[in-house]
Amino acid sequence: MDIYAEPMATLGDRLTAAREAAGLDIAAMAETLGLRPETLEGWEVDQAEPTASLMGRIATVTGVSAVWLLTGQGRGPKDDSATAALRAELAELRRLLAEAAARVERLEEVLNHG
């Protein structure tokens, strides 16, 4: 089973995996793409998405296909099974964190505008 194919992983998960497999930290990749690191961080936690032209540049920089970034199908980063299991766990934790953050936001909204 491909842990990077939907619905297991998000676009943000695949962006992170591609960047890390390419040996780039957030600052280095952001600089390469001409972005602020905060922009890239937002994409990696699924708060926003890059444009189509940036997806092509990201694919080129990281050595994966743009289709893989979007869907998890096709040429992705090289990964061994131990790393794949860790990435799957990380993807699940990110999903849970995003869900918890959304719940906190809803509760704060209710309490502040109650």
Side-chain angles (χ1 to χ4, degrees):
M1 175 164 75
D2 187 351
I3 64 165
Y4 290 110
E6 291 296 343
M8 289 295 287
T10 65
L11 172 61
D13 294 329
R14 288 187 293 277
L15 288 169
T16 301
R19 177 183 55 74
E20 290 174 350
L24 298 168
D25 62 18
I26 288 178
M29 184 148 159
E31 183 177 339
T32 300
L33 296 170
L35 305 168
R36 292 187 353 250
E38 297 80 14
T39 300
L40 183 56
E41 288 171 345
W43 296 344
E44 288 190 2
V45 296
D46 297 302
Q47 291 178 340
E49 294 182 0
T51 63
S53 63
L54 279 169
M55 289 293 275
R57 289 176 51 206
I58 293 166
T60 300
V61 167
T62 60
V64 300
S65 74
V67 170
W68 182 84
L69 286 171
L70 291 169
T71 66
Q73 305 298 315
R75 190 183 79 249
K78 302 275 188 259
D79 222 347
D80 65 24
S81 61
T83 302
L86 291 172
R87 290 190 194 286
E89 184 176 355
L90 180 60
E92 176 63 7
L93 288 172
R94 281 196 175 119
R95 184 191 68 75
L96 290 170
L97 181 59
E99 183 179 302
R103 290 177 63 192
V104 166
E105 201 171 296
R106 284 191 304 272
L107 286 171
E108 286 175 337
E109 181 75 22
V110 168
L111 290 171
N112 290 332
H113 300 302

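- For Asp25, there are no side-chain hydrogen bond (donor to acceptor under 3.5 Å, both in side chains) partners two or more places apart in sequence or in a different chain.
- In this structure, Glu108 has no salt bridge (charged side-chain N to carboxylate O under 4.0 Å, His left out) partners at least two apart in sequence or on a different chain.
- Of the possible donor and acceptor atoms, one in the side chain of Thr16 sits under 3.5 Å from a partner among the backbone N and O of Gly12.
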Run the side chain to side chain contact (heavy atoms under 4.5 Å, CB included) test on Leu15 and Leu11 for me, step by step, so that the C-alpha distance in whole Å, both residues' side-chain angles and the decisive distance to 0.1 Å come before the verdict.
CA-CA 6 Å; Leu15 288 169; Leu11 172 61; 4.1 Å; yes
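- Screening residues 41-51 for salt bridge (charged side-chain N to carboxylate O under 4.0 Å, His left out) gives Arg19-Glu44 as the qualifying pairs, with residues at least two apart or on separate chains.
- Between Asp13 and Thr10, the side chains place a donor N or O and an acceptor N or O closer than 3.5 Å (distance only, hydrogens not considered).
- The 12-atom threshold is not exceeded at CD of Glu105, counting heavy atoms of other residues, nucleotides or ligands nearer than 6.0 Å.
- Distance alone, capped at 3.5 Å, places no donor-acceptor pair between the Arg94 side chain and the Val45 backbone.
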Enumerate, atom names and distances included, each donor-acceptor pair closer than 3.5 Å involving a side-chain atom of residues 26-33, sequence neighbours excluded.
unit_1	atom_1	unit_2	atom_2	d
Thr32	OG1	Ala28	O	2.9

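- Applying the side chain to side chain contact (heavy atoms under 4.5 Å, CB included) test to Ser53 and every residue at least two apart in sequence or in another chain returns Thr51.
- For Ala22, the side chain to side chain contact (heavy atoms under 4.5 Å, CB included) partners two or more places apart in sequence, or in a different chain, are Leu24, Thr62.
- Checking side-chain atoms of Arg75 against main-chain N and O of Trp68 turns up no donor-acceptor pair under 3.5 Å.
- Here the closest non-hydrogen pair linking Ser65 and Gln73 is OG-O, 4.2 Å.
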